[in-house]
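Data block below; observations after.
Throughout, numbering of the chain's residues begins at 1 and tracks the sequence.
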Amino acid sequence: MIVPSQRHGAQVLADGSTRFSLWAPDARSVALLLWTGESVAMQASGDGWYETVHSCGNGMDYRFLINGELQVPDPAARAQVDEPWGWSRVVDHGTYQWKTSHWNGRPWHETVIYEMHVGLSGGFDGVRTRLLALAELGVTAIELMPIGEFPGARNWGYDGVLPFAPEASYGAPDDLKALVDTAHELGLMVFLDVVYNHFGPEGNYLGQYARRFFRDDIQTPWGSAIDFRRQEVRDFFCENALMWVLDYRIDGLRFDAVHAISEKDFLVEMAMRVRAAVPASRHVHLMLE
């Protein structure tokens, strides 16, 4: 079996079909449920993985059925239709037409950061309208507070549940790309806060089919620590970082509360994987809290 470079979540293939993958080591069975009403049994492929390929493509809404009883979103959904417990949506990141094809970022010594809350700024489109004024002010980088899907429409973002899905109330994935595109046209870098030390409590189903995502022996202020000793868990977050850097062309990531990550070598592995994925000429900045 050939393992794709990005395994978690739904990946649109070259022929327009979609590969669905879920790491559910505690599940007895997993089925793919489509918005059309179709149900497809997913095949166990070893080491707790369930996979299937379906002819559906970009824009299809789906969720997973665990053990014939529990319906859950894709924890690596690239978009969520409404709330964290609702339908996930297939996203083909190759369909967006970028206007800034030669942007390589800016060196760190030129960095003047303006931190922004996307919700308070009117969503992704609202942030876009402020970019010219920020560039004229002398700002060279905007830093977006966490945008991973969270319950409701108002949140600081640090209790996000689905880290791959931009918050639906802020706009669609292409709206975020348009924001980044416009920023780069103005010479602005875009940084993003990401939370890899815990999941928010509401809408988080991982513990019901992948208890090995968490540790029983270490507690954090937000509950059981994430188990970064497992490669599947490391891959989940590394693939998330790569998605922001490659698919959205984000210029840098700010990692929240890394003191709650017990395996510090994970941060080194992630940095190495990010660096290996981008050209040497591109500036990508990784920041720790």
So, are [X] and [Y] salt-bridged, with charged N and O less than 4.0 Å apart?
{"X": "Glu115", "Y": "Arg254", "result": "no"}
{"X": "Lys177", "Y": "Asp247", "result": "no"}
{"X": "Arg7", "Y": "Glu232", "result": "no"}

Crowded around [X] [atom1]? As in, over 12 foreign heavy atoms under 6.0 Å?
{"X": "Arg211", "atom1": "CZ", "result": "no"}
{"X": "Trp156", "atom1": "CH2", "result": "no"}
{"X": "Asp47", "atom1": "CG", "result": "no"}
{"X": "Asp216", "atom1": "CG", "result": "no"}

Rounded to the nearest 0.5 Å, how far does [atom2] of [Y] lie from [atom1] of [X]?
{"X": "Leu206", "Y": "Leu22", "atom1": "CG", "atom2": "CG", "answer": "8.5 Å"}
{"X": "Phe124", "Y": "Thr182", "atom1": "CZ", "atom2": "OG1", "answer": "13.0 Å"}
{"X": "Arg128", "Y": "Leu176", "atom1": "CZ", "atom2": "CG", "answer": "11.0 Å"}
{"X": "Leu13", "Y": "Arg19", "atom1": "CG", "atom2": "CZ", "answer": "5.0 Å"}
{"X": "Glu185", "Y": "Leu131", "atom1": "CD", "atom2": "CG", "answer": "10.5 Å"}
{"X": "Asp265", "Y": "Arg229", "atom1": "CG", "atom2": "CZ", "answer": "12.0 Å"}

* Criterion side-chain contact (heavy atoms from CB on, under 4.5 Å) on Tyr62 and His54, from CA distance to verdict -> CA-CA 11 Å; Tyr62 69 100; His54 194 278; over 6 Å; no
* To do: Give me the ring orientation class for Phe237 and Tyr196: parallel if the planes are under 30° apart, tilted from 30 to 60°, perpendicular past 60°.
  => tilted
* Parallel under 30°, tilted from 30 to 60°, perpendicular over 60°: which one fits the rings of Trp222 and His259? -> tilted
* Asked: Between Arg78 and Asp92, is a salt bridge (Lys or Arg N to Asp or Glu O under 4.0 Å) present by the stated rule, with each step listed?
  -> CA-CA 9 Å; Arg78 269 48 175 186; Asp92 183 356; over 6 Å; no
Whether [X] side chain and [Y] backbone form a donor-acceptor pair below 3.5 Å:
{"X": "Asp125", "Y": "Asp175", "answer": "no"}
{"X": "Asn67", "Y": "Ser29", "answer": "yes"}
{"X": "Thr220", "Y": "Ala225", "answer": "no"}
{"X": "Glu51", "Y": "Gln43", "answer": "no"}
{"X": "Gln80", "Y": "Ala168", "answer": "no"}

Closest contact, heavy atoms only, [X] versus [Y]:
{"X": "Asp159", "Y": "Pro151", "answer": "O-CD, 4.5 Å"}
{"X": "Cys56", "Y": "Leu34", "answer": "SG-CD2, 4.3 Å"}
{"X": "Pro73", "Y": "Gly86", "answer": "CB-O, 3.7 Å"}
{"X": "Gln97", "Y": "Asp181", "answer": "O-OD2, 4.1 Å"}
{"X": "Thr52", "Y": "Ala41", "answer": "OG1-O, 4.3 Å"}
{"X": "Pro25", "Y": "Ala210", "answer": "CD-CB, 3.7 Å"}

* To do: Apply the side chain to side chain donor-acceptor pair (under 3.5 Å) test between Asp251 and each candidate in His285, His184, His283; give the one that qualifies.
  => His184
* Asked: How far apart are the C-alpha atoms of Tyr96 and Arg249, what are their side-chain angles, what is the distance that settles it, and do they pass the side-chain hydrogen bond (donor to acceptor under 3.5 Å, both in side chains) test?
  -> CA-CA 12 Å; Tyr96 182 82; Arg249 302 191 179 183; over 6 Å; no
Same hydrophobic cluster for [X] and [Y], using side-chain heavy-atom links shorter than 4.5 Å among ILVMFWY?
{"X": "Met42", "Y": "Val40", "answer": "yes"}
{"X": "Phe266", "Y": "Leu253", "answer": "yes"}
{"X": "Met287", "Y": "Val139", "answer": "no"}
{"X": "Ile226", "Y": "Leu288", "answer": "yes"}
{"X": "Met243", "Y": "Val91", "answer": "no"}

So do [Y] and [X] actually touch side chain to side chain, heavy atoms under 4.5 Å?
{"X": "Ser224", "Y": "Gln219", "answer": "yes"}
{"X": "Phe228", "Y": "Ser262", "answer": "no"}
{"X": "Asn155", "Y": "Glu167", "answer": "no"}
{"X": "Val81", "Y": "Trp35", "answer": "no"}
{"X": "Trp244", "Y": "Val180", "answer": "no"}
{"X": "Thr18", "Y": "Met60", "answer": "no"}
{"X": "Asp74", "Y": "Phe20", "answer": "no"}
{"X": "Arg212", "Y": "Val233", "answer": "no"}

* To do: Compute whether any side-chain donor of one residue and acceptor of the other, for Glu269 and Gln231, lie under 3.5 angstrom apart.
  => yes
* **Worked check of side-chain contact (heavy atoms from CB on, under 4.5 Å) between Leu65 and Val30** => CA-CA 6 Å; Leu65 178 64; Val30 178; over 6 Å; no
* Derivation and outcome, side-chain contact (heavy atoms from CB on, under 4.5 Å), residues Leu134 and Met116 -> CA-CA 11 Å; Leu134 291 173; Met116 306 182 73; 3.9 Å; yes
* What do the steps show when you test Asp193 against Tyr158 for side-chain hydrogen bond (donor to acceptor under 3.5 Å, both in side chains), and what is the final call? -> CA-CA 9 Å; Asp193 276 14; Tyr158 294 99; 2.8 Å; yes
* Do the ring centers of His93 and Tyr248 come within less than 6.0 Å of each other? -> yes
* Give a yes or no on whether the ring-centroid distance for Tyr50 and Phe64 is below 6.0 angstrom. => no
* Asked: Do you know which of Phe164, Phe199, Phe236, Tyr205 makes side chain to side chain contact (heavy atoms under 4.5 Å, CB included) with Pro75?
  -> Phe236
* To do: Would you sort out whether Ser88 and Arg63 count as a side-chain contact (heavy atoms from CB on, under 4.5 Å), showing the intermediate values?
  => CA-CA 6 Å; Ser88 303; Arg63 54 173 51 144; 5.6 Å; no
